[in-house]
Visitor: 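One structure, as structure tokens, below. Some questions next.
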Amino acid sequence: MPELPEVYTITNDLLKNVLGYTIRGCNITKGYIALPTNDTFTNTVINQQIVDVKRVAKNILIHLSNKSIIHFHLAMTGQILLKETDSFAFKNWLRVLLNIEKNSYTKFLAFNDMRMFGKIAIISEAQLKTLYEKYGPEPIDENLNVERLWQKLTSKRTTIKNALLDQELVAGLGNIYATDSLFLAGIHPELNTKTLTLEQTNKLVAAARQVLNEGIDHRGSTLADKMYVDIFGKAGFHQDHFKIYTKEFCPNCSSKVEFKKINGRGTYFCPKCQPLEVQVSMF
DNA sequence: ATGTTTGTTCCGAT
DNA sequence: CATCGGAACAAACA
């Protein structure tokens, strides 16, 4: 489930809580595959110190002292949990359990993934470079070049909603934050990217930046299924601040919110505040 | 039982 | 040939 704010929260908390720890044990649940292979994964991480934790788009990267990197992608249902004891970890959906130690103090770092769309992999510095290169700019980056993004958007033939989910175009938005960004920018999710104006793109980037930053401030969104929790197992609270996602009535004009599947993803929008046709003045 | 679900990738179609 | 849309990946829940 995690989108940028959730991954951001996890990455920041990991940085504060596992830096300097050395991986002393690695246990992969029977039947699960850590990439490239379980043996390679285990042999590469064992006895390595955690020297940095970074994030790119929705990926979490744990840098090790031997220059290799643990690459996590949580996809829909991945979780990373940090605990003082390992008793918790043997409940639901545990895939990989790392035993980490610093000054004889031990913690457990678990990778859970119910649906197994996520991944945990050991990658090289060269592979990491490739990973970074594949993503478009993030809206929370103040240096994002709006005009360049606009040019790329207008060169595509799809809906703006679909384009916002294309991580190679712009990174970090998922279904929830893309939906709320479009509402905040007053843009219909089915607007053809070809017809998007530079002014609309400016509004959209500003909206996405606001929505993502609010999500970060609220430590992410936890839906009813509780699939997203932080590394301490605590829920986020941005779900209490959604703009239009899951809403029945528009917070702006109180008209009925429309729900529609766009490219297979549930999309909420207000037909009145997010008109498809540009409002033309009568005079 | 059928239809949902926060993400990404692959394959057939355009 | 590049690009797009839908299916698939797998599991739980209503």
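Atom set for the values below is all heavy atoms of this structure, side chains included, hydrogens, waters and symmetry mates excluded. Because the structure is a prediction, the values reported are computed rather than measured. Naming: A, B, ... by sequence-line order, numbering from 1 per chain.
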Visitor: If you compare every side-chain N and O of A:T77 against the phosphate oxygens of C:dA12 (OP1, OP2), does one of them come in below 4.0 Å?
Guide: no
Visitor: Mind calculating the distance between CD (A:Q79) and C1' (C:dA11) to the nearest angstrom?
Guide: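 Result: 13 Å.
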Visitor: Taking atom P in both C:dA10 and B:dC11, compute the distance separating them and give it to the nearest angstrom.
Guide: 15 Å
Visitor: Picking from C:dT3, B:dT4, B:dT8, which would you name as closest to the side chain of A:R157?
Guide: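 My answer, after comparing the listed nucleotides, is C:dT3.
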Visitor: Under 4.0 Å from OP1 or OP2 of C:dA10: is there any side-chain N or O of A:W93 that close?
Guide: no
Visitor: In this structure, how many angstroms lie between the P atom of B:dT8 and the CG atom of A:N162, rounded?
Guide: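 Going from CG in A:N162 over to P in B:dT8 covers 13 Å.
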Visitor: Give one of base, sugar-phosphate or nothing for A:K119, where a contact means two heavy atoms less than 4.0 Å apart.
Guide: nothing
Visitor: Quick check on C:dT3: is either OP1 or OP2 less than 4.0 Å from any side-chain nitrogen or oxygen of A:K194?
Guide: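 No, A:K194 has no side-chain N/O under 4.0 Å of OP1/OP2 on C:dT3.
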Visitor: Nearest-Å distance, NZ (A:K58) to C1' (B:dT9)?
Guide: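 Atom-to-atom, A:K58 to B:dT9, this comes out as 14 Å.
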Visitor: Under 4.0 Å between a side-chain N or O of A:K134 and OP1 or OP2 of B:dT9?
Guide: yes
Visitor: Expressed as a whole number of angstroms, how long is the span from A:M116:CE to B:dT8:P?
Guide: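 Whole-Å distance recorded here is 18 Å.
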Visitor: Can you check whether A:F117 stacks with the B:dT8 base, using ring centres under 5.5 Å and planes within 30°?
Guide: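 A:F117 ring does not meet the centre or angle cut-off for B:dT8; no stack.
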Visitor: Under 4.0 Å, heavy atoms only, any strand: does A:F72 hit a base, just the sugar-phosphate, or nothing?
Guide: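 Nothing, no heavy atom under 4.0 Å.
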Visitor: Out of C:dA10, C:dC4, B:dG7, which nucleotide sits closest to the side chain of A:K156?
Guide: C:dC4
Visitor: Quick one: closest heavy-atom pair of A:L4 and A:A171, and the distance?
Guide: CD1-O, 4.1 Å
Visitor: Just compare C:dG6, C:dC4, B:dG7 and give me whichever is closest to any side-chain atom of A:N263.
Guide: C:dG6
Visitor: Please report, rounded to the nearest Å, how far the P atom of C:dA12 is from the CG atom of A:D113.
Guide: 12 Å
Visitor: What's the CG-C1' distance between A:N175 and B:dT5, to the nearest Å?
Guide: 10 Å
Visitor: Do A:K161 and A:N175 come within less than 4.5 Å of each other through their side chains, counting heavy atoms only?
Guide: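 SC-SC contact between A:K161 and A:N175 confirmed.
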Visitor: Taking only side-chain nitrogens and oxygens of A:H73, does any of them come within less than 4.0 Å of OP1 or OP2 of B:dG7?
Guide: no
Visitor: Identify the heavy atoms of A:V45 and A:I23 that sit nearest to each other, and give their distance.
Guide: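 Here A:V45 and A:I23 meet closest at O-CB, 3.5 Å.
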Visitor: Could you give the distance from CG (A:N252) to CG (A:L184), rounded to the nearest 0.5 Å?
Guide: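 Reported value, rounded in 0.5 Å steps: 9.0 Å.
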Visitor: Starting the side chain at C-beta, find the nucleotide from C:dC4, B:dT5, B:dG7 nearest to A:E3.
Guide: B:dG7
Visitor: Check for me whether A:K119 meets the cation-pi criterion with A:F72, that is, NZ or CZ under 6.0 Å from the six-membered ring centre and within 45 degrees of the ring axis.
Guide: no
Visitor: Should A:R115 be listed as having a side-chain N or O under 4.0 Å from OP1 or OP2 of C:dC9?
Guide: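 So the side chain of A:R115 is outside the cut-off, no N or O lying under 4.0 Å from OP1 or OP2 of C:dC9.
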Visitor: For nucleotides B:dT9 and C:dC1, find the distance between their P atoms and express it as a whole number of Å.
Guide: 24 Å
Visitor: Give the rounded distance in Å between these two atoms: CG of A:L4 and P of B:dT8.
Guide: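 In whole Å, B:dT8 P and A:L4 CG are 11 Å from each other.
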Visitor: Does A:Q167 make a side-chain N or O approach to OP1 or OP2 of B:dT8 shorter than 4.0 Å?
Guide: yes
Visitor: Nearest of B:dG7, C:dG5, C:dA12 to any side-chain atom of A:M114?
Guide: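 It is C:dA12.
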Visitor: Of the listed nucleotides (B:dT5, C:dA11, C:dG5), which one gets closest to any side-chain atom of A:Y245?
Guide: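 Shortest atom-to-atom distance from the side chain points to B:dT5.
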Visitor: Judged by each residue's nearest nucleotide on DNA chain B, which is more toward the 5′ side, A:A224 or A:E168?
Guide: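 Checking each residue's closest nucleotide, the 5'-ward one belongs to A:A224.
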Visitor: Tell me whether the centres of the aromatic rings in A:H238 and A:Y228 are closer together than 6.0 Å.
Guide: no
Visitor: What nucleic acid atoms does A:G264 come within less than 4.0 Å of, heavy atoms only: base, sugar-phosphate, or nothing?
Guide: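 No contact.
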Visitor: Could you tell me whether a side-chain N or O of A:D180 sits under 3.5 Å from a main-chain N or O of A:I244, the two making a donor and an acceptor?
Guide: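 Between the backbone of A:I244 and the side chain of A:D180 there is a qualifying donor-acceptor contact (under 3.5 Å).
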